[in-house]
*Asks:* 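Before I ask anything, here is the structure I am working with.
These numbers were taken from a predicted model, which means no experiment stands behind them.
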Amino acid sequence: INWRHEDYGDGTVLGTKISGGWDFVSNVSPFSQTTPDDQGHGTATSGIIGALRNNGKGIAGIAGGDMQNGNTGCRLFSMKIFNTTLFATHSVISSAIIEGASNNPDTGYGYGLHIQNHSWGSSSGSLTLKNAIKQSFELNCLMVVSSGNYPSSICNEPDCIMYPASFNDSWVIKVGASNANGDKASFSVYDNNLDVIAPGTNDIYATLDHNNNAGYFYDGNGTSFSAPHVSGVSALLLSEHNTNNEYPNNLAPEDIENLLQNYATDVNEPNYDIYSGYGRVNAGDSFSKMQLPKHFIKHSGNQDNSSQQT
């Protein structure tokens, strides 16, 4: 992420809302790099999630807080796994995933992320990657992943199997793309446990520029930009329904998935279909169905920890 961008703060390490992270390709901190985002992809997706709101600049990230009241919104972490010349191995990516989800107070290992946004895909579902995704889900980290784009160098069929999107449905929220009409975008890979669709064409989203610290242009279409819409909405749900906000418990990943699925807007036909999943993500309806005093999420059974099924 280009943490120096004006829509993340004042351009300094202490004044940016980018709270931390690591470049797992070059094995350095993003704060030590002149160009921490050499492609623009990370800055584009993270801007949709959490660019500062009501700061008189640029765009309003979905979970970007309210700067007029001193609220900077969700925290963002730059966890880089590829650059313009090198895509990291599944081993390196898996290390990043597990370190992101882990939080060991005794050793200081892990970032303790509540949500991971995965706007990338591979045609290989290696055991190493599979175990990392599963372990992160078990660590109570919500895994939001893009379904993939068709056609591409690694996807020759509109319903191709992409990873991590096509791992066990309970481990990930698989997100396809909608267009300006609210329908499934033509390039959006479908089927294989697709959950929801969200905006993914550049005529309906705006984002940040990695080359210009005050720029707002990134010309891309793809499910890469749909996943962060869902990550942003998920962050809003987490920030509302938690014990610090007078709710009886915190939301688990499966709670968020159920909310997004049950209150999505139908697109092609009632209920589930392979092209748009449960429909187009609906932040307002999902939010309203868990607001006190009428609604809250109740975990049944005698659970010992928050990672158990609800």
*Asks:* Take E257 and D169 through the side-chain contact (heavy atoms from CB on, under 4.5 Å) test and state the conclusion after the steps.
*Replies:* CA-CA 10 Å; E257 184 169 26; D169 182 48; 3.8 Å; yes
*Asks:* If we ignore angles and hydrogens, is there a donor and acceptor under 3.5 Å between the side chains of N242 and N250?
*Replies:*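 No donor-acceptor contact under 3.5 Å links the two side chains.
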*Asks:* Begin with the C-alpha distance, continue with both residues' side-chain angles, and end with the deciding distance and a verdict on side chain to side chain donor-acceptor pair (under 3.5 Å) for N149 and T223.
*Replies:* CA-CA 6 Å; N149 307 324; T223 57; 3.1 Å; yes
*Asks:* By the rule that ILVMFWY residues connect when side-chain heavy atoms come within less than 4.5 angstrom, directly or transitively, which residues belong alongside F296?
*Replies:*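 Its cluster mates, by chain and number, are Y247, L292.
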*Asks:* Under 3.5 Å, is there a donor-acceptor pair linking the side chains of N71 and D66?
*Replies:* no
*Asks:* What is the minimum heavy-atom distance between T43 and H210, and which atoms define it?
*Replies:*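 Taking every non-hydrogen atom into account, OG1-CB, 3.8 Å.
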*Asks:* Okay, side chain of S146, backbone of G148: is any donor-acceptor separation there less than 3.5 Å?
*Replies:*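 Not at all, since once roles are kept as given, no pair shorter than 3.5 Å links the two residues.
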*Asks:* Look at the aromatic rings of Y163 and F167 and report parallel, tilted or perpendicular, splitting at 30° and 60°.
*Replies:*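 It falls in the tilted class, 30° to 60°.
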*Asks:* I'd like to check the side-chain hydrogen bond (donor to acceptor under 3.5 Å, both in side chains) partners of S147; sequence neighbours left out, ordered by chain and number.
*Replies:*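 Scan of S147 (side-chain hydrogen bond (donor to acceptor under 3.5 Å, both in side chains), adjacent residues dropped) gives none.
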*Asks:* How many angstroms lie between atom NE2 of H114 and atom CG of N103, to the nearest 0.5 angstrom?
*Replies:* 8.5 Å
*Asks:* Using the test ring-ring contact (aromatic ring centres under 6.0 Å, His included), find all partners of Y150 that sit at least two apart in sequence or belong to another chain.
*Replies:* none
*Asks:* Looking only at the side chains, is there a donor atom on one of H41 and S119 sitting less than 3.5 Å from an acceptor on the other?
*Replies:*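 Looking only at side-chain atoms, S119 and H41 do not form any donor-acceptor pair under 3.5 Å.
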*Asks:* Between R53 and D7, is there a side-chain N and carboxylate O pair less than 4.0 Å apart?
*Replies:* no
*Asks:* Do H295 and F287 have ring centres separated by under 6.0 Å?
*Replies:*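 No, too far apart.
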*Asks:* Assess the pair F82 and W120: is the distance between their ring centroids shorter than 6.0 Å?
*Replies:* no
